[in-house]
Protein chains: 4
Amino acid sequence: MDAPTNGPRERRAPNPQRRSERAHRAILDATAELVGEVGYAKLTMEAIAARAKVGKQTIYRWWPSKAAVVLDVFERRTGTPGDPLPDTGDLAADLRTVLYATVDEFTDPETDRVARAFTAEIQHDPDLAATVTERLTRPNNEAFRERLRAARDAGQLDPDIGLDLALELLTGPITQRWLTRTAPLTHAYVDELLAAALRALGPR
Amino acid sequence: MDAPTNGPRERRAPNPQRRSERAHRAILDATAELVGEVGYAKLTMEAIAARAKVGKQTIYRWWPSKAAVVLDVFERRTGTPGDPLPDTGDLAADLRTVLYATVDEFTDPETDRVARAFTAEIQHDPDLAATVTERLTRPNNEAFRERLRAARDAGQLDPDIGLDLALELLTGPITQRWLTRTAPLTHAYVDELLAAALRALGPR
Amino acid sequence: MDAPTNGPRERRAPNPQRRSERAHRAILDATAELVGEVGYAKLTMEAIAARAKVGKQTIYRWWPSKAAVVLDVFERRTGTPGDPLPDTGDLAADLRTVLYATVDEFTDPETDRVARAFTAEIQHDPDLAATVTERLTRPNNEAFRERLRAARDAGQLDPDIGLDLALELLTGPITQRWLTRTAPLTHAYVDELLAAALRALGPR
Amino acid sequence: MDAPTNGPRERRAPNPQRRSERAHRAILDATAELVGEVGYAKLTMEAIAARAKVGKQTIYRWWPSKAAVVLDVFERRTGTPGDPLPDTGDLAADLRTVLYATVDEFTDPETDRVARAFTAEIQHDPDLAATVTERLTRPNNEAFRERLRAARDAGQLDPDIGLDLALELLTGPITQRWLTRTAPLTHAYVDELLAAALRALGPR
DNA sequence: TGATAACCGAGACGGTACGTCTTGTCTTGTT
DNA sequence: AACAAGACAAGACGTACCGTCTCGGTTATCA
């Protein structure tokens, strides 16, 4: 796990206007390549700097940690989080669409790899945890809750059930299965889960 | 995160008969203390050896990694996993008992700390992942499934629902909430979850 | 003797222009102190680094081995080797001056200590042997031979005797006595040696 | 050079009567092989024990150090030191015989290797130095001096010249040339040396 | 002729130092 | 001022040996 980190020193902010676009891109590209080649754990700042033909300081100037760099890479790859869920009026179908996509993402080796790296990193880097929550988790959850809210307003959900719990009933099992690798994440599993969860959530 | 690990060299197994009980205990004690003092990430083999008055080789002789040592400490603390769940005949009550205990554990700062460390470590140490699964996750899950099986046999559960899914519906939400720290883990939350999940699982 | 040395890994040369003068001096100072305190054999890179407040890597960056560091210390102490011998026209007197100085040096505990260390080290470190020969032995011998050459040209030596042999007759006995510690190195011994050797070397 | 040696603890002497001849021989054989294979510096007690199929304690029981073991190996190889020099009445011829043999020995790679190892080791192991002096140097020197004494008594040497100096004039140059590797040790060199030295030593 | 002590093989132990690695900062030109 | 390059202090890594210390398992005297 962590090489005992000294924590980066506080320093006065650099001027983003003068930031070298070349260096910025080179760092993200190099990081993306290296994560693919050696995985997150063996990724080093040293290696990123070398591959990107960049001084280490240039990395430290713009990112507080290795994780922050990789987070940017990750974000660049997966595109804008927080996109609204589809709303065709058919809740089950819409959720199926989204959850299929979710398990597909987790099944992609590259995404899986980085997601696991973040899951790991978040456990002992509160700053990163906050950032990830802010930029990934919260927008996604909000979009999810929005769709559920619409369903509830349409009378498709039990109004006594909290949206957060609803969300967790639908995604928690997937998260847990992915986390513990107890069984494969398949579309069939999503179907099964969806059926059960909707029984829990539907109007009495 | 991880100092890029070279992985321990292959070596022929030492003779466990000749293992020094004194050293064994001293290492676990020292590790337990140090995890409490500096946390898992800043824990070093060097420090364990120093605190335990033990040669580093003695640690490396018996454990392949820092994580493995801490796992033993963790196991020693939490006692035997895989204990059967209570079975009073009242499924809801029994599950409540267990899930209360679960959230209590995750709420305990010490346990939380180590659990997070393992969650992190497991993401990029497949050997450790296998060990943890084998020694913690699987026994616990099996005990859980056993109780659910009994309930199903008693007609308290929908026989069409897989026990794995049932398990995940009951624990996945808790795991996810703990993992993402989106909201506190309380007994009230367990109650809410239990009510919803049992609607999903109960006989039609 | 040597802890079985793996030999330092090959690495691309650092840029001497950017060498830290502070670190350089601190390392040599610390080494000088430590050799005096604990002797060469118990001198460790670890201790040098600690005393000099320097990272170990900084030592390894500039010197291939402990011996190389001490050689620099030694050289700094004894000043420029290869200084020409005095030439007053009186060969015996000039040689006496030089050999007195030689035995005085070998009698000084500090110099003796380091000289023995090198004598030892040279036996199984060919690189160091070459360096020492190049930087100490050869210049000194050349200066010596130069003085003998002048004497030979002045008709004070048998022209049939090789200068190398002449050199060895004059210094070999001293070296051997120092090496085997069979008897003390005194000025009287030099006188005795000189008388005999000059009989061997003088014109017939 | 030496890994800083803790020095062996004082222990009460074992009973040589009960010494295992098998182990004794195996240790010497293994040491001889290993010195040949890896050289003295990289020779380890560990390796000797392993090769000899012997417990390390068995080595430490009978020898105080690696050097002591190798010394025994060396002695076993070179046979009894201190044999008297030939005395045919012709001093020059007798010395030539002996010095030829000496340079031949030093020229043999195996002997050269071990001799250098001891030369090195002696510099910082006073106990070993004493042992070597006692068992090798002194007997050999004594035999040498004996022959010179006979020559002096026969009027072939200047009676004013000390026997020690005479010895050193004859052997010091060879020792020095071997030690510094400044030039090859040949029979021709011995001839040249002998001619010169005898001029120094002969009666006036 | 046991018993009983010593030596033996094996190898775990507490240590020390090794030489390497990476971290995050600092320094030195260049652009 | 940001940059590429890379030296620097710090300190953990995992390994190699050190010399000591058990641990059974043979011998080989002596009671």
Side-chain angles (χ1 to χ4, degrees), chain A residues 3-9 11 14-15 17-20 22-23 44-47 49-50 52-62 65-66, chain B residues 3-9 11 14-20 22-23 44-47 49 52-62 65-66, chain C residues 3-9 11 14-15 17-20 22-23 44-47 49-50 52-62 65-66, chain D residues 3-9 11 14-15 17-20 22-23 44-47 49-50 52-62 65-66:
Chain A
T5 168
N6 292 3
R9 162 112 52 115
R11 46 173 54 264
N15 178 351
Q17 305 237 348
R18 310 202 46 178
R19 181 169 196 172
S20 155
R22 184 196 95 46
T44 66
M45 292 299 231
E46 212 102 330
K53 300 278 190 185
V54 138
K56 283 198 290 175
Q57 200 56 250
T58 302
I59 308 181
Y60 284 109
R61 184 149 35 228
W62 302 109
S65 68
K66 187 175 67 163
Chain B
T5 169
N6 291 4
R9 168 93 66 98
R11 44 173 61 265
N15 178 351
Q17 304 234 351
R18 311 198 42 185
R19 182 169 196 173
S20 155
R22 184 195 99 36
T44 67
M45 291 300 229
E46 212 107 322
K53 300 274 191 186
V54 138
K56 279 198 287 177
Q57 202 57 252
T58 300
I59 308 182
Y60 285 110
R61 185 153 32 228
W62 302 109
S65 67
K66 186 176 68 162
Chain C
T5 167
N6 290 6
R9 167 94 66 99
R11 45 175 57 268
N15 178 353
Q17 304 234 352
R18 310 198 43 183
R19 182 169 195 174
S20 156
R22 184 195 97 40
T44 67
M45 292 300 230
E46 211 107 320
K53 300 275 190 185
V54 139
K56 282 197 286 177
Q57 201 58 253
T58 300
I59 308 181
Y60 284 109
R61 182 150 38 225
W62 301 110
S65 67
K66 185 177 69 163
Chain D
T5 168
N6 291 3
R9 161 102 63 107
R11 44 174 55 266
N15 178 354
Q17 303 237 349
R18 311 199 45 176
R19 180 170 196 173
S20 155
R22 183 195 99 44
T44 67
M45 291 300 230
E46 212 104 326
K53 300 275 189 186
V54 138
K56 282 197 288 176
Q57 199 57 250
T58 302
I59 308 182
Y60 284 108
R61 188 158 24 233
W62 302 109
S65 68
K66 184 176 69 163

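Lettering of chains follows the sequences in order, A, B, ..., and the numbering in each one begins at 1.
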* Asked: Excluding sequence neighbours, so at least two apart, what forms side-chain contact (heavy atoms from CB on, under 4.5 Å) with C:Ala52?
  ->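 Applying side-chain contact (heavy atoms from CB on, under 4.5 Å) to C:Ala52 gives C:Ala26, C:Ile27, C:Ala30, C:Val54.
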If only side-chain N and O atoms of [X] are considered, is one of them under 4.0 Å from the OP1 or OP2 phosphate oxygen of [N]?
X       : N      : value
C:Arg19 : E:dT27 : no
B:Arg22 : E:dG14 : yes
C:Thr58 : F:dA7  : no
D:Trp62 : E:dC8  : yes
B:Arg61 : E:dC13 : yes

Taking all atoms of both residues into account, what is the closest heavy-atom pair of [X] and [Y], and its distance?
X       : Y       : result
D:Ile59 : D:Ala49 : CD1-N, 3.8 Å
D:Asn15 : D:Gln17 : OD1-N, 2.8 Å
B:Ser20 : B:Ala23 : OG-N, 3.0 Å
D:Pro14 : D:Trp62 : CG-CZ3, 3.4 Å
B:Glu46 : B:Lys56 : OE1-NZ, 2.9 Å

* Asked: What is the bend of the helix from E:dT1-F:dA31 to E:dT31-F:dA1 when you compare the axis at one end with the axis at the other, using five pairs each and rounding to 10°?
  ->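 Answer for the end axes of this duplex: 10°.
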* Considering only side-chain heavy atoms of B:Met45, which listed nucleotide, E:dG9, F:dC18, F:dG14, is closest? ->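 Closest nucleotide among those given: F:dG14.
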* Does the base of E:dG15 carry an N or O that pairs as donor and acceptor with the side chain of B:Lys56 under 3.5 Å? ->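 For B:Lys56, whose side chain was compared with the base of E:dG15, there is no donor-acceptor pair (under 3.5 Å).
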* Most 5' of C:Ser20 and A:Ala52 on DNA chain F, judged by nearest nucleotide ->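 Result: A:Ala52.
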* Which residue, B:Asn15 or A:Glu46, contacts DNA chain E at a nucleotide closer to its 5' end, judged by nearest heavy atom? ->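 Final value for this comparison: B:Asn15.
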* Asked: In B/S/- notation, 5' to 3', how is nucleotides 22-31 of chain F contacted by protein heavy atoms closer than 4.0 Å?
  -> B----BS---
* Can you tell me how far C1' of F:dA7 sits from OH of C:Tyr60, to the nearest Å? ->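 Distance check: C:Tyr60 OH to F:dA7 C1' gives 18 Å.
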* To do: Can you tell me the distance, in whole Å, between the CD1 atom of A:Ile59 and the P atom of E:dG24?
  =>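 Rounding to the nearest Å, CD1 of A:Ile59 and P of E:dG24 are 11 Å apart.
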